Amino acid sequence: MPLVNSRDMFKRAYEGGYAIGAFNVNNMEIIQGIMEGATAENAPVILQVSAGARKYANHTYLMKLIEAAVETSGLPIVVHLDHGPDFETCKNCIDGGFTSVMIDGSHLSFEENIALTRRVVEYAHDRNITVEAELGRLAGVEDDIKVSAEDSSYTRPEDVEEFVTRTGCDSLAIAIGTSHGAFKFKGTPKLRFDILEDVSRRLPGFPIVLHGASSVIPEYVEMINTYGGKMDGAQGVPEEMLRKAASMAVCKINIDSDLRLAFTGVIRKHFAEHPDHFDPRQYLSEARSALAGMVRHKIVNVLGCNGKAE
Ligand code: G3H
Ligand code: 13P
Ligand code: ZN
């Protein structure tokens, strides 16, 4: 199956009460680990690439690796730009083979966000590419930008109908209390499900996206800390909250930090146990397997999209 945009995938996810995993990719082992997990569970998958990932790995290298994933897996795969910072980056990704882009105007005023998103939607829809937009602002770290808790803001449900109608976007990322990175909550985790409910009442059938949705699995935080890391206080979104969101209007759940933690934890452990190893295949194959296990776990226990590849 060739690369697909997200339209049908989200329609089925909405109707079926499950969500698609959007996993961040930066190199070959990460792509292979994700595809191993998705293939084992026969799940549709979104491979998402940030501006930082494009800078790190090069657009063409990543596209060729994703082409290999398409060819070898036969699964429905969306290749998506994560947090597109401007029109030019979105255009570049669309021209370069992506099937979906996010334009992140969440830091702009309402009117500026609408104008920028509309411009991307016009370019994208002429080429059958889907567009995710964002309203409200998450806390946490993205690329080199750190958004403090004070500068973050929940999505205002009363804004969403006007935003979606005027921009024509295909899905909407909203802020309900999740944040990027491994330190999401200081005390008890809390998500504003009332905002999600209000938004979905106002936008019936419309796919909602949850960013900052890693659970920061304690097993890997402990592994990192055991082998010299310093991640005390790391905390993610409880899995039962994500399952609830996936059964509601949330059709796309973004996961990056959990992949990073598994990958890095296993490599730290590997070197502690084998200080004489220096062949990258020895530790990267273990990291890749841990990542595949993490993706399977997410698909089955959080997203519910196992067996949904069509
Ligand atoms: O939300 C951001 C993603 O985790 C990607 O992170 O910008 O460091 O590649 P990155
Ligand atoms: P996490 O940091 O919770 O994995 O979120 C990733 C994300 O939202 C990518 O856009
Ligand atoms: Zn994000």
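Atoms within a ligand are numbered from 1 in the order they appear, just like the ligands themselves. Quantities reported herein were computed from a predicted structural model and do not represent experimental measurements.
- Side-chain contact check for M9 versus K308: every heavy-atom pair is 4.5 Å or farther apart.
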Enumerate the pairs of nitrogen or oxygen atoms, one from ligand 2 and one from the protein, separated by less than 3.5 angstrom; state names and distance to 0.1 Å.
{"from": "ligand 2", "atom 1": "2 (O)", "to": "G181", "atom 2": "N", "distance (Å)": "2.9"}
{"from": "ligand 2", "atom 1": "2 (O)", "to": "S257", "atom 2": "OG", "distance (Å)": "2.7"}
{"from": "ligand 2", "atom 1": "3 (O)", "to": "K184", "atom 2": "NZ", "distance (Å)": "2.5"}
{"from": "ligand 2", "atom 1": "3 (O)", "to": "A213", "atom 2": "N", "distance (Å)": "3.1"}
{"from": "ligand 2", "atom 1": "3 (O)", "to": "S214", "atom 2": "N", "distance (Å)": "3.0"}
{"from": "ligand 2", "atom 1": "4 (O)", "to": "S214", "atom 2": "OG", "distance (Å)": "2.6"}
{"from": "ligand 2", "atom 1": "4 (O)", "to": "D256", "atom 2": "N", "distance (Å)": "2.7"}
{"from": "ligand 2", "atom 1": "4 (O)", "to": "S257", "atom 2": "N", "distance (Å)": "2.7"}
{"from": "ligand 2", "atom 1": "5 (O)", "to": "G212", "atom 2": "N", "distance (Å)": "3.3"}
{"from": "ligand 2", "atom 1": "8 (O)", "to": "H180", "atom 2": "NE2", "distance (Å)": "3.1"}
{"from": "ligand 2", "atom 1": "8 (O)", "to": "H211", "atom 2": "ND1", "distance (Å)": "3.4"}
{"from": "ligand 2", "atom 1": "8 (O)", "to": "G212", "atom 2": "N", "distance (Å)": "2.8"}
{"from": "ligand 2", "atom 1": "10 (O)", "to": "D82", "atom 2": "OD1", "distance (Å)": "2.9"}
{"from": "ligand 2", "atom 1": "10 (O)", "to": "D82", "atom 2": "OD2", "distance (Å)": "2.7"}
{"from": "ligand 2", "atom 1": "10 (O)", "to": "H83", "atom 2": "NE2", "distance (Å)": "3.2"}
{"from": "ligand 2", "atom 1": "10 (O)", "to": "H211", "atom 2": "ND1", "distance (Å)": "3.1"}
{"from": "ligand 2", "atom 1": "10 (O)", "to": "N254", "atom 2": "ND2", "distance (Å)": "3.1"}

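- Within the 4.0 Å heavy-atom criterion, neither part of N254 lies near ligand 1.
- Checked by atom type and distance alone, the side chain of Q235 pairs as donor or acceptor with a backbone atom of G187 at under 3.5 Å.
- Considering backbone and side-chain N/O atoms, S50 comes within less than 3.5 Å of an N/O atom of ligand 1.
- The distance criterion of under 3.5 Å between nitrogen or oxygen atoms is not met by N24 with respect to ligand 1.
- Looking at H211, its N, O or S atom nearest to the Zn ion (ligand 3) turns out to be ND1.
- Listed by first and then second residue, the ring pair (Phe, Tyr, Trp, His ring centres under 6.0 Å) pairs involving residues 218-271 are H270-H274, H270-H277, F271-Y283 (not counting sequence neighbours).
- Ring pair F23/H80: centre-to-centre distance not below 6.0 Å.
- Heavy-atom contacts of D256 reach the following atoms of ligand 1: 3 (C), 4 (O), 5 (C), 6 (O) (cutoff under 4.0 Å).
- Annotation: side chain to side chain donor-acceptor pair (under 3.5 Å) contacts involving residues 237-246, sequence neighbours excluded, comprise E239-H297.
- Here atom 6 (O) of ligand 1 lies nearest to R260 when heavy atoms of H180, H83, R260 are compared.
- Of the angles at the Zn ion (ligand 3), the one spanning NE2 of H180 and NE2 of H83 is 100° when given to 10°.
- The aromatic rings of F110 and F163 sit tilted relative to each other, their planes meeting at an angle between 30° and 60°.
- Side chains of S73 and T39: a donor-acceptor N/O pair is absent below 3.5 angstrom, by distance only.
- Judged purely by distance below 3.5 Å, without hydrogens or angles, the side chains of Y154 and D194 never pair a donor atom with an acceptor atom.
- Cluster partners of M102 are absent, since no Ile, Leu, Val, Met, Phe, Trp or Tyr has side-chain heavy atoms less than 4.5 Å from it.
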